[in-house]
Every structure is written in C-alpha cells, then in structure tokens.
Q: 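One structure follows; several queries about it will come next.
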Amino acid sequence: MAKICKILKHEVDYFAVARLGEYLEYRKLNIGKPCLILSPIEDSKLNLAIKSNAEITISNNSNISLINKLARNQNIICPVHLKIDTGMN
C-alpha cells in the first residue's frame, strides 16, 4: 500500500481503504490527503477512528448517535460518508 500511495499522492484528491487497520497504516505514511474507511467500524473502535480523523462510512442509523457523542466529547468534527441504499445496489 505504501508504494502505491506515494506514487498516486500527486494524482488523486482522496484515498479509500477497507478497514480501520489499513487507515492507521495509511496515516503513518503522512500522505496528507483525506482517506475514507469503507467498511463499518466496530463501536469499540469508533473512538480511535474519530481521534485519528478518519472519514467514517455510515450505512445505517445505528451508530450515528454514538459517533456524534464521541466526536462532541473530544470537540472534534468527524467527517462521515453516508452510504444510502436506493434499491439500485
């Protein structure tokens, strides 16, 4: 992943990864571009994701309140990506 990110960092505006662990690896590279985590994050790991300034994908309303609460407690605005199923897959 490191080699690809370093090659593409001047060609793209955004990166995306599947899981929080990959995001944490990405952060260590200091690429300086935003990065979206595509998969749902376990509630127990949301705090770490928010502290790390990850953009979190929300695909249902079950953890919206928790993300909001955790971000407010840290005085952080948490970027999110809303995944909406319109029925067209």
Side-chain angles (χ1 to χ4, degrees):
M1 176 171 70
K3 187 175 182 179
I4 292 169
C5 287
K6 288 178 182 177
I7 291 169
L8 293 177
K9 72 180 178 180
H10 299 295
E11 306 297 324
V12 300
D13 296 324
Y14 235 90
F15 285 92
V17 294
R19 292 181 285 291
L20 177 60
E22 293 170 334
Y23 174 79
L24 296 173
E25 287 179 37
Y26 169 82
R27 288 270 302 179
K28 290 178 187 176
L29 300 174
N30 293 316
I31 299 294
K33 304 275 182 160
C35 187
L36 169 65
I37 301 173
L38 297 168
S39 299
I41 300 172
E42 296 174 34
D43 287 353
S44 62
K45 295 181 180 179
L46 280 173
N47 209 26
L48 174 60
I50 292 167
K51 283 183 184 178
S52 300
N53 199 35
E55 184 164 326
I56 300 169
T57 298
I58 297 175
S59 57
N60 61 54
N61 62 0
S62 66
N63 60 0
I64 293 173
S65 295
L66 179 57
I67 291 168
N68 188 45
K69 178 183 172 186
L70 293 171
R72 279 183 187 234
N73 287 344
Q74 299 175 57
N75 200 29
I76 295 174
I77 296 173
C78 180
V80 297
H81 172 83
L82 298 177
K83 179 181 175 185
I84 301 171
D85 183 356
T86 62
M88 307 236 353
N89 289 331

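Note that these values count all heavy atoms, side chains included, but never hydrogens, waters or copies made by symmetry.
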Q: Could you list the residues that satisfy side chain to side chain contact (heavy atoms under 4.5 Å, CB included) with Ala71, not counting sequence neighbours?
A: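 With sequence neighbours excluded, Ala71 shows a side chain to side chain contact (heavy atoms under 4.5 Å, CB included) to Ile50, Cys78, given in chain and number order.
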
Q: With sequence neighbours left out, which residue pairs that include part of residues 7-20 fulfil the salt bridge (charged side-chain N to carboxylate O under 4.0 Å, His left out) condition?
A: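 Qualifying pairs, neighbours excluded: Arg19-Glu22.
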
Q: Look up atom CG in Leu20 and atom CD1 in Ile41, then write down how far apart they are to the nearest 0.5 Å.
A: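 It is 5.5 Å, given to the nearest 0.5 Å.
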
Q: Just how far is it from atom CG of Leu82 to atom OG of Ser59, taken to the nearest 0.5 Å?
A: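 Here the interatomic distance stands at 10.0 Å.
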
Q: Enumerate the residue pairs fulfilling ring pair (Phe, Tyr, Trp, His ring centres under 6.0 Å) with a member in residues 27-86, sequence neighbours excluded, ordered by first and then second residue.
A: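 Pairs touching residues 27-86 that pass the test: none.
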
Q: Hydrophobic cluster membership, with links at side-chain heavy-atom distances under 4.5 Å among I/L/V/M/F/W/Y: are Leu70 and Ile77 in one?
A: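 No, Leu70 does not connect to Ile77 through the hydrophobic network.
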
Q: Mind checking side chain to side chain contact (heavy atoms under 4.5 Å, CB included) for Ala16 and listing every partner two or more places apart, or none if nothing turns up?
A: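 Testing Ala16 for side chain to side chain contact (heavy atoms under 4.5 Å, CB included), a comparison that skips the adjacent residues, returns Leu36, Leu38.
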
Q: Looking only at non-hydrogen atoms, find the nearest pair between Ile37 and Ala54 and report the distance.
A: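 That closest heavy-atom pairing would be CD1-CB, 3.6 Å.
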
Q: Quick one: do Asn63 and Ile56 satisfy side-chain contact (heavy atoms from CB on, under 4.5 Å)? Show the steps, please.
A: CA-CA 11 Å; Asn63 60 0; Ile56 300 169; 5.6 Å; no

Q: Can you run down the ring pair (Phe, Tyr, Trp, His ring centres under 6.0 Å) pairs that involve residues 51-71, sequence neighbours left out, and say none if there aren't any?
A: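 Residue pairs passing ring pair (Phe, Tyr, Trp, His ring centres under 6.0 Å), neighbours aside: none found.
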
Q: Mind checking whether Glu25 and Val17 have side chains closer than 4.5 Å, heavy atoms only?
A: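 With C-beta onward as the side chain, the pair stays apart.
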
Q: Show me the pairs that pass ring pair (Phe, Tyr, Trp, His ring centres under 6.0 Å) and involve residues 16-56, at least two apart or across chains.
A: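 The answer is Phe15-Tyr26.
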
Q: Mind jotting down which residue pairs meet the side chain to side chain donor-acceptor pair (under 3.5 Å) criterion with at least one end in residues 27-36? Sequence neighbours excluded, please.
A: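 The answer is none; no pair qualifies.
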
Q: Only pairs at least two apart or in different chains count here, so list each side chain to side chain donor-acceptor pair (under 3.5 Å) that has a residue in residues 38-57.
A: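 For residues 38-57, and leaving out neighbouring residues, the side chain to side chain donor-acceptor pair (under 3.5 Å) pairs sorted by first residue read Tyr14-Glu55, Asn47-Gln74.
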
